[in-house]
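Everything on this sheet refers to the single structure shown next.
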There are 2 protein chains.
Amino acid sequence: MTKKITIYDLAQKLNISPATVSRSLNDHPAISQKTKDKVLLVAKETGYRTNKFAANLSKQKSNTIGVIVPKLNSNFMSTVLSGIEKIANDVGYNLIISQSLESEEKEKLNAKTLFDSGVDALLVSLAYETENFDHFTTYTDRKIPLLFFDRVCDLPNCPTISIDNHAAGFDATQHLIQQGCRNIVHISGSLKRNVYADRFDGYQRALHKNAIEFHKENLYESDLSIENVQKFVERIRDSKHKVDGIFVSNDTFAVHCIKELKKEGYKIPEDIKIIGFNNDPVSEVISPNLSTIEYPGYKMGMLAGQSIISHLSGSINIQSADQILIKHKLIIRESTKI
Amino acid sequence: MTKKITIYDLAQKLNISPATVSRSLNDHPAISQKTKDKVLLVAKETGYRTNKFAANLSKQKSNTIGVIVPKLNSNFMSTVLSGIEKIANDVGYNLIISQSLESEEKEKLNAKTLFDSGVDALLVSLAYETENFDHFTTYTDRKIPLLFFDRVCDLPNCPTISIDNHAAGFDATQHLIQQGCRNIVHISGSLKRNVYADRFDGYQRALHKNAIEFHKENLYESDLSIENVQKFVERIRDSKHKVDGIFVSNDTFAVHCIKELKKEGYKIPEDIKIIGFNNDPVSEVISPNLSTIEYPGYKMGMLAGQSIISHLSGSINIQSADQILIKHKLIIRESTKI
DNA sequence: TTTATTTATGTAATCGGTTGCGCAATATAT
DNA sequence: ATATATTGCGCAACCGATTACATAAATAAA
């Protein structure tokens with residue numbers, strides 16, 4: 001129905017130049033209030049909508065932030081995204097979200113596509129596989145703000161947001177030890193990713209501090225997909241040394257371990273104590289409730305959003321925060337009770 | 001580092017016109033293969049990237065699909081989004097995702113913003129509150145494809161994708177009845193939304209078919225936020241007529257009901273049988289496992305994506321599918337065992 | 001009153017592709 | 001050999017806003 005109204009139409013109606021219209025709409029200081037009011041009024045009446053395409057082209061920016069995540073459909077990720085969206089939306093930025101599906105190849109493609117789409121900044125949580133980071137140089141070369149969250153990597157001038165996974169891994173393990181565990185299995189995701197590598201490191205440090213020797217058979221590395229649960233539980237059952245504690249890098253996996261262990265006749269926490277990671281909703285649903293590490297996803301999302309937006313709006317303290325660490329918290333529930 | 005290469009640069013290098021370059025890059029039939037090859041080659045060498053801003057401006061399309069969902073961080077929604085993203089990404093569309101946070105006001109704003117951003121199409125799942133749909137006329141007026149999924153509404157020329165909530169509600173209730181329940185409570189979300197209204201309707205029909213009278217005290221309407229669980233459980237406890245079955249419109253809520261009921265000393269399923277909705281992962285974690293209705297979110301997302309994209313690419317059978325229904329399935333688990 | 005400032009608006013180039021139309025060159029038909 | 005199609009490419013307008021620079025009008029200073 002309504003056809004597109006352009007600033008030229010408004011200009012004609014008001015007998016002024018398109019430039020003045022443009023400036024009025026953008027509240028440029030050099031325009032008199034009287035003129036601005038007139039323009040705004042007519043703009044409202046005619047239902048004028050600025051054409052973002054044109055504006056983007058001449059300004060070479062899109063008011064859009066790109067996001068690449070491994071998977072959309074995980075509780076943690078969608079919570080983070082929710083936080084990012086909240087912030088971005090509040091300040092008028094759009095979010096283009098894409099998923100790498102844990103594939104380096106797809107991550108590269110997404111990075112390229114988003115670049116071509118002209119995103120003003122990029123937020124990334126890395127795929128499991130990714131080992132090479134060249135696909136991000138396009139951004140760093142052109143000074144497009146790039147920020148990593150959760151699954152981060154160490155690129156020059158790229159701020160990161162995460163929790164202190166070292167400390168969190170330590171705390172989780174230390175807790176198990178305090179509860180009397182002496183032969184603790186660690187179920188980890190890909191050690192290529194900082195989040196898992198650091199937790200593993202924390203696990204080792206805790207063992208060491210308590211003078212417990214680390215046996216490499218006690219490290220179970222996988223992609224943490226549920227299919228592995230049974231295999232791992234069998235491995236625990238058949239372990240030479242009786243396993244009395246498990247630190248799982250992910251609540252979902254931990255929960256399914258509990259189910260499977262119970263099927264095998266284990267009593268949790270009497271026979272084996274288990275602690276997870278993330279504080280997913282499921283951790284409070286399983287019986288016994290799962291001890292875990294709280295990982296505040298929503299907060300992380302909001303921080304990521306704020307950080308990148310302050311970059312974009314050129315706040316002063318840009319370079320100051322290269323690495324933001326969010327506090328984690330040990331949550332003790334039944335699965336590690338003595 | 002690398003400065004922007006434009007088609008003008010390529011044209012100069014090759015001694016041809018920008019128009020020919022543009023056409024070559026777009027594989028226009030009027031250009032000889034020889035020329036195309038030359039252009040493509042130089043484009044590759046120089047690292048040419050087409051400027052989407054410019055292309056968008058002249059084509060007046062953005063290769064972008066807007067999505068408005070109530071909340072990003074729910075298992076169901078993120079699963080649907082994952083499906084949409086998969087499809088969109090495969091065919092080179094970007095997804096701008098925004099959340100209404102269940103507020104009609106924010107939904108309106110998002111609709112406006114996305115319109116201004118020039119999305120080629122819009123996918124919507126309505127907020128709890130939304131009663132007025134005028135904010136979508138901007139789209140329908142300009143023939144911008146608009147599709148509703150899950151929480152749909154009846155607008156002319158707007159296809160919808162959902163499951164048959166009538167039938168699903170009926171099946172769930174019928175199952176409870178078959179298991180011997182005679183006084184069944186239905187815990188519903190806002191009846192403004194089709195999904196809940198239809199399920200409620202199915203519930204009533206099942207009762208009626210089995211000659212069970214419907215008591216309006218047995219309908220518990222809320223926003224299904226967990227805070228209501230305790231209140232509802234007390235209401236069940238204090239009910240004049242002993243409640244022996246509950247049909248909850250949402251697994252998360254159902255799971256928390258089970259937890260609370262167990263605390264109150266109820267035995268599930270012996271004292272009360274419960275069935276949920278969605279087949280969320282939690283439904284298999286709770287003990288006893290929750291019977292539920294499978295709601296294939298990923299499939300719904302993929303269908304929504306495919307449908308809207310075939311609209312955009314002008315496939316013939318556009319108007320044919322006005323309403324897509326996805327099959328649901330009754331999943332019987334322990335919580336409704338006799 | 002004249003000159004110097006300040007304020008408000010206009011002119012026109014620019015962002016980088018896309019595309020209708022026209023023209024030349026080559027191929028086909030008569 | 002001449003007329004008619006066909007093919008390949010260039011010209012130039014266009015998409016709609018932004019913005020450096022110029023200019024006119026209003027105000028202040030001399």
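Proteins get letters first, then strands, A, B, ... in listed order; numbering begins at 1 in each.
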_Applying side chain to side chain donor-acceptor pair (under 3.5 Å) to B:Asn94 and A:Ser117, what does each step give before you reach the verdict?_
CA-CA 8 Å; B:Asn94 278 326; A:Ser117 305; 2.6 Å; yes

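- Partners of A:Ser32 by side chain to side chain donor-acceptor pair (under 3.5 Å), not counting sequence neighbours, listed by chain and number: A:Thr35.
- A salt bridge links B:Arg49 with A:Asp116; the closest basic N to acidic carboxylate O contact falls under 4.0 Å.
- Between A:Tyr48 and the phosphate of D:dA17, there is a side-chain N or O to OP1/OP2 separation shorter than 4.0 Å.
- Screening A:Leu147, A:Val119, A:Leu312, A:Leu122 for a side-chain contact (heavy atoms from CB on, under 4.5 Å) with A:Ile65, the sole residue that qualifies is A:Leu312.
- Sorted by residue number, the members of residues 52-62 of chain A with any non-hydrogen atom under 4.0 Å from DNA chain C read A:Leu57, A:Ser58, A:Gln60.
- Tested against A:Glu102 for a salt bridge (Lys or Arg N to Asp or Glu O under 4.0 Å), the candidates A:Lys71, A:Arg151, A:Arg193 yield a single pass: A:Arg151.
- Going from atom CD1 of B:Ile5 over to atom C1' of C:dG17 covers 15 Å, rounded to whole Å.
- Protein atom CG of A:Asp9 is 14 Å distant from nucleotide atom P of D:dC14, rounded to whole Å.
- The CD1 atom of B:Ile96 lies 13.5 Å from the OH atom of A:Tyr93; values are rounded to the nearest 0.5 Å.
- Remark: P of C:dG17 and CG of B:Leu10 are 8 Å apart, rounded to the nearest angstrom.
- Within 4.0 Å (heavy atoms only), B:Thr6 reaches sugar-phosphate atoms of the nucleic acid but no base atom.
- Judged purely by distance below 3.5 Å, without hydrogens or angles, the side chains of A:Asn75 and B:Asn73 never pair a donor atom with an acceptor atom.
- The overall bend of the helix from C:dT5-D:dA26 to C:dT30-D:dA1, read as the angle between its terminal helix axes built from five base pairs each, is 40° when rounded to 10 degrees.
- Sequence neighbours left out, the pairs with a member in residues 128-137 of chain B that pass salt bridge (Lys or Arg N to Asp or Glu O under 4.0 Å) are B:Glu131-B:Lys192.
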*What do the steps show when you test A:Phe149 against A:Ile324 for side chain to side chain contact (heavy atoms under 4.5 Å, CB included), and what is the final call?*
CA-CA 9 Å; A:Phe149 62 94; A:Ile324 298 179; over 6 Å; no

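- Atoms CD1 (B:Ile16) and P (C:dG17) sit 13 Å apart, rounded to a whole Å.
- A:Asn15 places its CG atom 16 Å from the C1' atom of C:dA8, with the value rounded to the nearest Å.
- In this structure, B:Asn51 atom CG and C:dT18 atom P are separated by 10 Å, rounded to whole Å.
- Checking the phosphate oxygens (OP1, OP2) of C:dT9, a side-chain nitrogen or oxygen of A:Thr35 falls inside 4.0 Å.
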Check: residues 22-31 of chain B side-chain donor-acceptor pairs under 3.5 Å, at least two apart:
unit_1  : atom_1 : unit_2  : atom_2 : d
B:Ser24 : OG     : B:Thr20 : O      : 2.7
B:Asn26 : ND2    : B:Ser22 : O      : 3.0
B:Asp27 : OD1    : B:Lys36 : NZ     : 3.0

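- Applying the ring-ring contact (aromatic ring centres under 6.0 Å, His included) criterion to A:Phe136, with sequence neighbours excluded, gives A:Phe148.
- The two residues A:Phe53 and B:Leu57 have their closest heavy-atom pair at CB-CA, 3.6 Å.
- The stretch residues 112-121 of chain B has no heavy atom under 4.0 angstrom from DNA chain D at all.
- For A:Gln12 and C:dT9, the CD to P distance is 19 Å, given to the nearest whole Å.
- Residues satisfying the salt bridge (charged side-chain N to carboxylate O under 4.0 Å, His left out) criterion with A:Asp120, sequence neighbours excluded, are A:Lys61.
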*asked:* Before you tell me yes or no, could you show the steps for B:Asp223 and B:Tyr128 under side chain to side chain contact (heavy atoms under 4.5 Å, CB included), namely the whole-Å CA-CA distance, both residues' side-chain angles and the distance that decides it to 0.1 Å?
replied: CA-CA 8 Å; B:Asp223 64 356; B:Tyr128 257 125; 4.1 Å; yes

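- For the contact set between residues 23-32 of chain B and DNA chain C, defined by any heavy atom under 4.0 Å, the members are B:Arg23, B:Asn26.
- Within the 4.0 Å cut-off from OP1 or OP2 of D:dC11, not a single side-chain nitrogen or oxygen of B:Ser17 is found.
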Polar atom pairs (N or O), protein with nucleotides 22-27 of chain D, under 3.5 Å:
none

Produce the list of close N/O pairs, under 3.5 Å, pairing protein atoms with atoms of nucleotides 22-28 of chain C; give distances to one decimal.
none

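- More than 12 heavy atoms of other residues, nucleotides or ligands shown are found within 6.0 angstrom of CD on A:Gln60.
- A donor-acceptor contact closer than 3.5 angstrom links the side chains of A:Thr130 and A:Glu107.
- The cationic group of A:Arg142 does not satisfy the cation-pi geometry with A:Phe115, failing either the under 6.0 Å distance to the six-membered ring centre or the 45° limit from the ring axis.
- In this structure, B:Thr20 does not reach the D:dC9 phosphate: none of its side-chain N or O atoms is under 4.0 Å from OP1 or OP2.
- When rounded to the nearest whole Å, the span between NZ of A:Lys4 and P of D:dC14 equals 15 Å.
- Within the structure, salt bridge (Lys or Arg N to Asp or Glu O under 4.0 Å) pairs that include any residue of residues 72-90 of chain A comprise A:Lys86-A:Asp90 (at least two apart or interchain).
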